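Fair warning: this is a prediction, and the values are worked out from it, not measured in the lab.
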Amino acid sequence: YTPVSEDMSIDESMIPYFGRNGCKQFIRGKPIRFGYKAWVLAQPSGANLITKLEKINFNGTGTVRDNRIDKCPIENSAIMKKNPRGTFDSFVDRKNNIVCVKWRDNSVVTVLSNKYGIAPVRKAARYSVKEKSKIEIPQPNVVSCYNQSMGGVDLMDNHISNYRIGFRGKKWYILILFWTFDVCMNNAWFLSRHLGKQMDNLEFRRVAAISVLQKYEKPPLATGPRTNFVSPASRRQRQHLIITGQPRLRCVVCKNETTKSCNKCEVSLHDKCFLQYHI
């Protein structure tokens, strides 16, 4: 989403995750079947949503299921399926300024809107198996406007999937955090294009990464276990004694476990390895 257009898409986005977690979902037929479902500018679809948007002076247009149109007096979907493509039926709720349109395409589509109406009826090109060529069928204006503005979330998912931040680990929340970073980078890229920067997605990410590295410069701290390294010269200059009763750790010489260590070097050592280490 970028604040440069009045058309905003409301849809779900999947964050891929294959580990074990109670919030993980499986959606058959999706490009990402396993993962977390994240709603992007989302609220439950239905007539109640359009009514609430109308009360706060916002426009909304979207598809809706038949069981979410509050028993609207419109032709049943089962009957609509028997009609030829391009057939549509509508109902206008003048009290709430909402139009409900049911249109027969390859399947039956129900659309609600408080901004667009049926007129002007447009033409949509569809392939006809019977005539073996493309034909034009009637399409209500509200359906045409919805098709032109939909798909913003799908486009975002596509851009993120091209250069998704890779991570392999057991922390489930890290993937959600990285997905948030990807969304921020995608939004920043769109804003840069709006401001006249002609860079593709990959080039923009490279420029952003180089800018961060140049700003902070210092390399990250090394990961992994830390060792108390003592130079050989320092080992011979101080008085070293063996102390017992220490946590069981591996000897720095023979790598076997021991409860003894050097009081000065602060490393685990066996009696037989003490002299060898300090020579």
Taking I98 as the starting point, is it possible to reach V64 by hopping between hydrophobic residues whose side chains are less than 4.5 Å apart? yes
Go through the structure and list residues passing side-chain contact (heavy atoms from CB on, under 4.5 Å) with K95, not counting sequence neighbours. D93
Distance (rounded to the nearest 0.5 Å) between T258 OG1 and F274 CZ: 12.0 Å
In a table with atom names and distances, give each donor-acceptor pair under 3.5 Å that connects a side chain of residues 241-256 to protein atoms at least two apart or in another chain.
{"residue": "Q246", "atom": "NE2", "partner": "T244", "partner atom": "O", "Å": "3.3"}
{"residue": "R250", "atom": "NH1", "partner": "K255", "partner atom": "O", "Å": "2.9"}
{"residue": "K255", "atom": "NZ", "partner": "V252", "partner atom": "O", "Å": "3.4"}

Who passes ring-ring contact (aromatic ring centres under 6.0 Å, His included) against F26, sequence neighbours left out? F34
What residues form a side chain to side chain donor-acceptor pair (under 3.5 Å) with R122, not counting sequence neighbours? N141
E131: which residues meet the side-chain contact (heavy atoms from CB on, under 4.5 Å) condition with it, sequence neighbours left out? S128, S133, I135
Should F181 and Y173 be counted in the same cluster of Ile, Leu, Val, Met, Phe, Trp and Tyr side chains packed under 4.5 Å apart? yes
Indicate if F190 and V207 have the same hydrophobic cluster label, given that clusters are the connected sets of ILVMFWY residues with side-chain heavy-atom separations under 4.5 angstrom. yes
D105: salt bridge (Lys or Arg N to Asp or Glu O under 4.0 Å) partners, not counting sequence neighbours: R126
Under the salt bridge (Lys or Arg N to Asp or Glu O under 4.0 Å) rule, collect the residues that match up with D89, sequence neighbours excluded. none
Would a hydrophobic clustering, with Ile, Leu, Val, Met, Phe, Trp and Tyr connected at side-chain separations under 4.5 Å, put M199 with M185? yes
Who are the side-chain contact (heavy atoms from CB on, under 4.5 Å) partners of L213, not counting sequence neighbours? none
Within the side chain of H270, is there an N or O that forms a donor-acceptor pair under 3.5 Å with the backbone of T259? no
Going by ring-ring contact (aromatic ring centres under 6.0 Å, His included), name the residues that satisfy it together with Y163, two or more places apart in sequence or in a different chain. none
Apply the test side-chain contact (heavy atoms from CB on, under 4.5 Å) to residues V99 and Y116: give CA-CA distance (whole Å), side-chain angles for both, the deciding distance (0.1 Å), then the verdict. CA-CA 8 Å; V99 59; Y116 304 107; over 6 Å; no
I'd like to know if I118 and V92 are part of one continuous hydrophobic network [Ile/Leu/Val/Met/Phe/Trp/Tyr, side-chain heavy atoms within less than 4.5 Å]. yes
Hey, mind stepping through R65 and T110 against side-chain contact (heavy atoms from CB on, under 4.5 Å) and telling me if it holds? CA-CA 7 Å; R65 296 180 180 179; T110 305; over 6 Å; no
CG of L112 to OG1 of T63, rounded to nearest 0.5 Å, is 9.0 Å
Identify, with sequence neighbours excluded, every residue that meets salt bridge (Lys or Arg N to Asp or Glu O under 4.0 Å) alongside R104. none
Working to the nearest 0.5 Å, report the span between CG of D200 and CZ of F204. 11.0 Å
Using the rule given for side-chain contact (heavy atoms from CB on, under 4.5 Å), can you reason through V267 versus Y277, listing the C-alpha separation, both sets of side-chain angles and the distance that settles it, and then say yes or no? CA-CA 10 Å; V267 295; Y277 180 76; 3.9 Å; yes
How close do I137 and W103 get, heavy atom to heavy atom, and via which atoms? CD1-CZ2, 3.8 Å
Within-4.5 Å side-chain heavy-atom neighbours: V143 and V109: no
Spacing of S107 atom OG and M80 atom CE [to the nearest 0.5 Å]: 11.5 Å
To the nearest 0.5 Å, tell me how far F88 CZ sits from S90 OG. 6.5 Å
Applying the side chain to side chain contact (heavy atoms under 4.5 Å, CB included) test to W172, which of I176, L175, I174 qualifies? I176
Separation of K115 NZ from C145 SG (nearest 0.5 Å): 8.0 Å
Name all residues meeting the side-chain contact (heavy atoms from CB on, under 4.5 Å) criterion together with R164; count only those two or more places apart in sequence or in a different chain, and write none if there are none. P16, I32, I160, S161, W179, D182
Keeping to residues at least two apart or across chains, list the side chain to side chain donor-acceptor pair (under 3.5 Å) pairs with something in residues 72-88. D66-S77, E75-N83, S77-K102, R85-N106
